[in-house]
Amino acid sequence: METTETSRVSHELPVTTTDSSGSTAKKLTLVPLIFLIYFEVAGGPFGEEPAVQAAGPLLAILGFLIFPFIWSVPEALITAELSTAFPGNGGFVIWAHRAFGAFVGSMMGSLKYLSGVINVASFPVLCVTYLEKLFPVLESGWPRNVCIFASTVVLSFLNYTGLAIVGYAAVVLGLVSLSPFLVMSAMAIPKIQPHRWGSLGDKQKDWNLYFNTLFWNLNFWDNVSTLAGEVDNPQKTFPLALLVAVIFTCVAYLIPLLAVTGAVSVDQSRWETGFHAEAAEMIAGTWLKIWIEIGAVLSSIGLFEAQLSSSAYQLEGMAELGFLPKFFGVRSKWFNTPWVGILLSALMSLGLSYMDFTDIISSANFLYTLGMYLEFASFLWLRKKLPELKRPYRVPLNIPGLVIMCLVPSAFLMLIIVFATKIVYLICCLMTVGSVGWYFLINYFREKKIFEFNQDVDHLDYVNEEQRPKHEEDHDS
């Protein structure tokens with residue numbers, strides 16, 4: 001990937017570049033990138049309600065207040081450092097490969113990709129879950145299935161039209177989907193009774209639901225790293241975009257949660273996904289409920305687009321690096337998008353979208369957890385292995401400090417594993433074993449020359465020569 005050191009961060013129009021094939025591609029700039037990160041992670045307070053159902057208002061509020069500092073901030077810092085050091089579409093696959101070699105790079109790619117497409121599968125389901133409160137016919141049966149299928153096909157085509165379009169669509173979707181929550185929070189102020197925030201609930205704690213809800217709503221910060229090759233001046237744009245997105249996401253969760261838990265007193269069991277819409281009706285009337293339902297649909301669209309983009313561009317990046325056959329990186333002649341990656345990711349997510357919603361997010365969380373252990377290890381080992389590597393952004397800690405920074409979220413990740421259900425263990429065990437088998441199958445294809453590959457990953461040392469540490473340049477000379 002070519003980068004211009006003197007180019008500045010653009011806040012306005014997308015930057016246009018020309019790729020090696022001569023086709024024109026628009027680069028992502030700061031504002032669209034912020035909203036893409038926002039939709040990679042959150043997309044609004046839709047889906048935070050089960051945290052209250054699982055553990056009561058107090059623990060839900062504390063979770064969304066504290067969890068970003070022990071999880072979101074460390075993950076965002078790691079993403080900022082490594083994405084600027086290795087600005088290619090392989091993202092975390094590059095990091096793991098550079099740290100530990102081809103096998104770990106392949107495992108990282110497989111685990112993160114599977115968690116990504118499982119996560120993509122949850123958004124049409126989340127969208128229909130909100131819509132069914134307006135249209136009860138969508139609660140079950142063929143109308144629900146048709147709605148999930150149609151929304152997946154239409155949204156996948158939008159993704160096919162280009163990342164710059166998706167980025168600016170994310171800006172519009174983000175602002176519009178959040179607007180009813182701002183109105184609801186403002187109208188809730190006179191009805192808020194602060195003592196309600198201190199309630200621990202009146203039912204037994206469901207820690208599996210609680211931790212998975214927090215994790216699902218506040219993870220996937222590193223997914224945007226697979227788009228690094230599509231970002232204008234990533235060395236400057238990425239750190240700033242991640243900083244703004246972390247603050248924006250946390251505020252977007254906390255304000256509606258504080259407003260509704262303080263203003264509405266209902267049985268804890270009613271805090272299911274979609275309860276914010278019911279709360280809006282209690283606070284202001286049916287008109288606000290409908291507005292939030294519309295916002296939920298728009299948010300689900302943004303979430304789907306951002307996650308599908310990451311999954312598709314990850315496949316392209318892995319093909320460029322030689323982890324996958326070259327055809328995985330084929331781009332559209334019309335829109336310059338990786339249409340093979342988009343098609344494959346959309347088909348996989350469509351098949352997974354008919355699982356139970358809780359099993360979907362739990363499976364995505366579990367696989368993502370395994371990938372994050374590899375990511376933390378890669379981050380720490382790269383600091384030790386390549387201390388002189390050019391890092392435009394560098395987390396301002398030494399190795400012991402970085403170890404502590406990674407240990408805290410690692411302890412939380414263990415809770416995700418411990419509280420997983422049997423069906424989640426089964427799904428993730430099969431997918432992990434399949435990821436190992438996939439690595440050896442790809443090697444077989446390469447050795448037998450069944451498919452064409454860009455290069456042999458065992459001999460891939462650098463994404464480009466600009467990232468070669470100075471001491472190694474001197475050694476070669």
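All figures in this text were calculated on a predicted structure; none of them were measured in a lab.
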Pair Phe35, Phe248 - check side-chain contact (heavy atoms from CB on, under 4.5 Å), show working.
CA-CA 9 Å; Phe35 279 87; Phe248 185 40; 3.8 Å; yes
Side chains of [X] and [Y]: does their closest heavy-atom pair fall under 4.5 Å?
| X | Y | result |
| --- | --- | --- |
| Phe445 | Phe453 | yes |
| Val104 | His97 | no |
| Asn208 | Thr421 | yes |
| Leu382 | Arg391 | yes |

Can you check whether Phe304 and Phe39 have ring centres sitting under 6.0 Å from each other?
no
Take His276 and Val260 through the test side-chain contact (heavy atoms from CB on, under 4.5 Å) and record every step on the way to the result.
CA-CA 8 Å; His276 275 317; Val260 176; 3.7 Å; yes
By side chain to side chain contact (heavy atoms under 4.5 Å, CB included) - contacts of Ser110 (at least two apart):
Ser106, Ser435, Trp438
Please name the pair of heavy atoms, one in Glu305 and one in Leu155, separated by the smallest distance, quoted to 0.1 Å.
OE2-O, 2.7 Å
Is the number of heavy atoms from other residues, nucleotides or ligands within 6.0 Å of [atom1] ([X]) greater than 12?
| X | atom1 | answer |
| --- | --- | --- |
| Phe149 | CZ | no |
| Trp291 | CH2 | yes |
| Tyr444 | OH | no |

To the nearest 0.5 Å, tell me how far Leu386 CG sits from Arg98 CZ.
5.0 Å
What I want to check is whether the side chains of Tyr113 and Ser345 have a donor and an acceptor closer together than 3.5 Å.
yes
Per ring pair (Phe, Tyr, Trp, His ring centres under 6.0 Å), Trp71 is matched among Trp216, Phe215, Phe211, Trp221 by Phe215
Tell me whether Lys112 forms a cation-pi arrangement with Tyr368, defined as NZ or CZ under 6.0 Å from the six-membered ring centre and within 45 degrees of its axis.
yes
Checking side-chain contact (heavy atoms from CB on, under 4.5 Å) for the pair Tyr253/Ile255: CA distance, chi angles, key distance, verdict?
CA-CA 6 Å; Tyr253 276 126; Ile255 290 179; over 6 Å; no
